[in-house]
Amino acid sequence: MSQISITSPKHCAKKGGIDINNRRKKLFFTFSTLFSGLLLIIFLIWLILHPAKPEFSLTEADIYTLNLSSSATHLLNSSIQLTLFSKNPNKKVGIYYDKLLVYAAYRGQQITSEASLPPFYQSHEEINLLTAFLQGTELPVAQSFGYQIGRDRSAGKVIIGMKMDGKLRWKIGTFVSGAYRFNVNCVAIVAFGPNMTTSPLASIQGTRCSTTI
């Protein structure tokens, strides 16, 4: 006599639910594995082609105007011409510069308004020449500004800082990264003696800048 087994509807529902859950788990595991593998490939590519930060060097700084419009109100008028080189040291990574703001500083004080440089793309190991004409009209400065400039003039030189704030993106093949903020700091030593009355006052030597990302 053959044995007949009868499965209740409730039992079938439980079995079907188990099958659906197993399929979902398999799909989730498959997608997780693929996603993890993709992230690993991207990380390995980034590790192999790890981009070096761009290099900047200030070649010349010319001061045309740097004087107080009023010693009583401590307002400064300034005009400075900067020339610098930008280099991409990477052999397989390009750089998009999306935003560049430049200004000059003296002893921690901003002495010009910000100037915006046009965005550009820098190819592998490419060097670009950048120029900026910075101006300031009646900018408020510290009360000690006139005294400090006078001391520097007696010493025969003045130290001017060039600051650049911007955003860049890395280009690796067809892949373009998100935007990264970066800062550039340069120092220019400008001859500034008591007998020097004609402008511009030119920097003594070029300097390499520091870059942080």
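Bear in mind the structure is a predicted one, so any value in this text is a computation, not a measurement.
Asn88 contributes a side-chain N or O that, together with a main-chain N or O of Val93, makes up a donor-acceptor pair within less than 3.5 Å. Using modelled atom types, no side-chain atom of Thr65 and backbone atom of Ser79 make a donor-acceptor pair closer than 3.5 Å. At least one donor-acceptor pair closer than 3.5 Å links the side chain of Ser78 to the backbone N or O of Ile111. For Asn77 (side chain) and Asn67 (main-chain N/O), no donor-acceptor pair under 3.5 Å exists by modelled atom type. Remark: the backbone N or O of Tyr103 is not paired with any side-chain donor or acceptor of Gln110 at under 3.5 angstrom. Between the Thr207 side chain and the Val187 main chain, a donor and an acceptor come within less than 3.5 Å of each other.
Contact of the Ser210 side chain with the Val184 side chain is not registered, since no non-hydrogen atoms from C-beta on lie closer than 4.5 Å. Side chains of Pro54 and Ile213 form a contact here, defined as non-hydrogen atoms less than 4.5 Å apart. At least one side-chain heavy atom of Val102 sits under 4.5 Å from a side-chain heavy atom of Met162. In this structure the side chain of Pro200 never reaches within 4.5 angstrom of the side chain of Ile63, judged on heavy atoms. Two residues are said to be in side-chain contact when any heavy atoms from C-beta on lie closer than 4.5 Å; Met164 and Leu100 meet this criterion. Annotation: side chain of Tyr106 is not in contact with side chain of Leu66 (no heavy-atom distance under 4.5 Å).
Taking both residues in full, the closest heavy atoms of Ser113 and Leu139 are given as N-CD1, 4.0 Å, listed atom of the first, atom of the second, then distance. For Asn90 against Ala52, the heavy-atom pair with the smallest separation is OD1-N, 2.6 Å. Between Trp170 and Lys53, the closest heavy-atom pair is CH2-CA, 4.1 Å. The nearest pair of heavy atoms linking Ala104 to Thr112 is N-OG1, 3.0 Å. Contact detail for Ala188 and Leu58: the closest heavy-atom pair is CB-CD2, 3.6 Å.
Following chains of ILVMFWY side-chain contacts shorter than 4.5 Å, one cannot reach Phe85 starting from Ile95, and the two form parts of different hydrophobic clusters. A single hydrophobic cluster is seen to contain both Phe182 and Tyr180, as judged by linkage of ILVMFWY side chains at heavy-atom distances under 4.5 Å, directly or through other members. Criterion: ILVMFWY side-chain heavy atoms under 4.5 Å apart, direct or through other members. Under it, Leu76 and Val158 are part of a common hydrophobic cluster. Hydrophobic clustering (ILVMFWY, side-chain heavy atoms < 4.5 Å, transitive): Leu129 and Leu84 are in distinct clusters. A chain of hydrophobic side-chain contacts below 4.5 Å, direct or via other Ile, Leu, Val, Met, Phe, Trp or Tyr residues, connects Leu201 to Leu68.
Checked by atom type, the side-chain pair Gln122/Tyr97 shows a donor-acceptor distance below 3.5 Å.
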Original post:
Passes side chain to side chain contact (heavy atoms under 4.5 Å, CB included), Gln81 versus Thr131? Steps please.
Top reply: CA-CA 7 Å; Gln81 175 81 39; Thr131 60; 3.9 Å; yes

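For the atom pair Phe56 CZ and Asn128 CG, the distance stands at 9.0 Å (nearest 0.5 Å). Note that the NE2 atom of His124 and the NZ atom of Lys92 stand 10.0 Å from one another [nearest 0.5 Å]. For the atom pair OG1 (Thr137) and CG (Leu75), the distance works out to 10.5 Å, reported to the nearest 0.5 Å. Rounding to the nearest 0.5 Å places NZ of Lys157 at 13.5 Å from OG of Ser203. Between the CG atom of Asp152 and the OH atom of Tyr147 there is a distance of 10.5 Å, given to the nearest 0.5 Å. Here the straight-line distance linking atom NZ of Lys99 with atom CG of Asp165 works out to 9.0 Å at 0.5 Å rounding.
When the options Lys167, Arg181, Arg169, Lys171 are evaluated for a salt bridge (charged side-chain N to carboxylate O under 4.0 Å, His left out) with Asp98, the one that passes is Arg169.
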